[in-house]
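Counting starts at 1 for both ligands and their atoms, following the listed order. Only this structure's heavy atoms are used, side chains among them; waters, hydrogens and symmetry mates stay out. Keep in mind that what you see is a predicted model, and the values were worked out from it rather than measured.
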Amino acid sequence: MIDLKKMQVWFVTGSQHLYGDDALRQVEENSKKIVAALNEAEEIPVEVVHKPTLTSPDSIRQLMTEANTDENCIGIISWMHTFSPARMWIGGLNVLRKPHLHFHTQFVREIPWADIDMDFMNLNQSAHGGREFGFINTRMRKNRKVIVGYWQDKEVLEEVGAWLRVAAAWHDSQGAKIARFGDNMRQVAVTEGDKVAAQITFGYEVNGYGLGDLVEYIDAVTASQIASLIEEYEAAYTLTDAVKAGGAKRAALEEAAKIELGMRSFLKEGGFKGFTTNFENLTGLRQLPGLAVQRLMKDGYGFGAEGDWKTAALLRAMKVMNSGLPGGTTFMEDYVYNLDPARSTVLGAHMLEVCETIAGEQPVLDIQPLAIGDREDPARLIFTGKPGPGIVATLVDLGNRFRMIVNKIEAVEPPADLPKLPVARVLWEPQPDLKTSATAWILAGGAHHSVYSQALTESFVEDFCEIAGVEYLLIDENTTISEFKKELRLNEIYYSTMPRL
Ligand code: MN
C-alpha cells in the first residue's frame, strides 16, 4: 500500500543570464547529468524530475506554484550551479508550500589546477551561489534541509535519499485518514490531544467510528475468505497445536481471521492509512483484534492502541519512510524494566499489538487468554524482536504545541527464554542508560506509547519535525539531565512566542 516510486521530487537549478547563453547551456547539461545520476542511485527512493534552469523571478514563482498543486510532487531539490541573485527567489519561496532540500553541491569534484581560468570560476560558483541562496531562506525564516557534499558520494546520496523518504512521508500525511474504532481508553491523559491542531500541523484527519460500523464488515466475511486467509497464516507462521486444523482453539483462529478480513475491508473501502482500537470499546467483537492489528501494521497501516491516534499517524509516517529499507517499524510500549545494575533494560511489548517486521524469528501463532478486555481469548503472533540499534519516538500534545521525543536504543537478546510470556516483545537498552533516558523522557512528558524502528535513525524524525515545524528532542549517548532540563526551559520560551495553529 506504500509505493515511493510513484512519487516525484523536482530538481530545480538556479542561475542567471549574466554569464551568457553558452554558460546557461552548460548549466542545463550538468544539471541533467546530476538528475540522471540521482535516478540511477539505489539510495534515491523516488523519481527525480529535471526542471529547466531558473533565471528570473517569474519563472521561479511559476514553478513553485506548479509544485504546490502537482499531485505527485513531494518537494523541491534546489541547487545553485552558479550565482543566482536571491531576491529573484523571494516570490517563489513565498508561495512554496512543499518540503525543500537545498542541495549544496558542485558539478566538478576537484579544482583542475593546471587549467582553471575565469570561465571555470564563473561556471562553478556553487560555493558562493549556495550561500546567497541560503541567506534568503534564512532571512525569510524558511524551514528547509541543507545537504552539503559531492553528488556522487554514497554518504551524500544516502542523506538525500533519507530526506526524500521523510518528504514522501509528509506528502503521504497530507489528507491522510485515520479511523478510530471507539474513543480513548477512559481517563488516560497522554493519548488525548487536539485533533484540529494535528490536522492543521500534520495534514491528516482523525475520525471516529462506532464498533457497529466495523461489525457490519466483519459479519459480511465469508467462510471461503476465512479458509484462504488461514492458509496464508499457515504459510507464514508456526501454528501451535491448539490452532492447527482440528486443534482445540481452531474456531477462535477462524474468528480472528474473520476480524482481520472485516477490518481490512473497512479500512480499504474508506481509504484509511491508519487506525486505533480500544479494549474498552469492543461491542460486537468476540476478541480484541490482536493478530489483525499485527498483520495490518506489517502491510503499512499506522496503529495506536487505546485510541492513540497520534501514535497511529506517526507510525504510518514512519512506515512510509521505512518502505523498502531493511529493518522493521512498529507500535510499541515500554512495559517492564529489568533493573540489572550492570545493564538496565526495557522490555517493550503491548497486550498484543507489535508488528512482526521487527521479529528475529518466524512468529508463533497462538490463542491465549487475555486478562483484560472481557472477551474471548484472542489470537496473536508471538516473537522476540531482533537485536541491533534503533530508535523509539513519541509525539505528545503539550496544550500549546506538539512535542516529539526520540531516544536512541540498542535492542539486545533477552538473557533467558520467556516460555510463559505469550506476546511479541523486544528487550532494549536505552541510550545513554536507562536511568538518564527514563528521567529525560519523563521530564519531557513522553508517552508510554511510541513508535519503535530499527530501519530509521533519529535524523529521519528530526527532518519530519523540521518540515512540520514541531519541537524535537533527542535523548542519545550525549544526553545529560542538567543540559536536557536547560533545553526544555529554553524551548518553553521559544515556543511560547508562537501561536498554536
Ligand atoms: Mn497501551
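Taking the six-membered ring for Trp and the full ring otherwise, the centers of Phe272 and Tyr301 sit at least 6.0 Å from each other. Taking the six-membered ring where the residue is Trp, the centroids of Trp428 and Tyr452 are separated by under 6.0 Å.
For the residue pair Gln174/Asp172, the side-chain donor-acceptor check at 3.5 Å is not satisfied.
Pairs passing the ring pair (Phe, Tyr, Trp, His ring centres under 6.0 Å) check and including a residue from residues 459-488, sequence neighbours excluded, read Trp170-Phe464.
Under 2.8 Å from the Mn ion (ligand 1), one finds the following protein N/O/S atoms: Glu306 OE1, Glu333 OE2, His350 NE2, His449 NE2.
Of all heavy-atom pairs between Gly193 and Asp397, the closest is CA-OD2, 3.4 Å.
By the 30° and 60° cut-offs, the orientation of the rings of Tyr204 relative to Phe202 is parallel.
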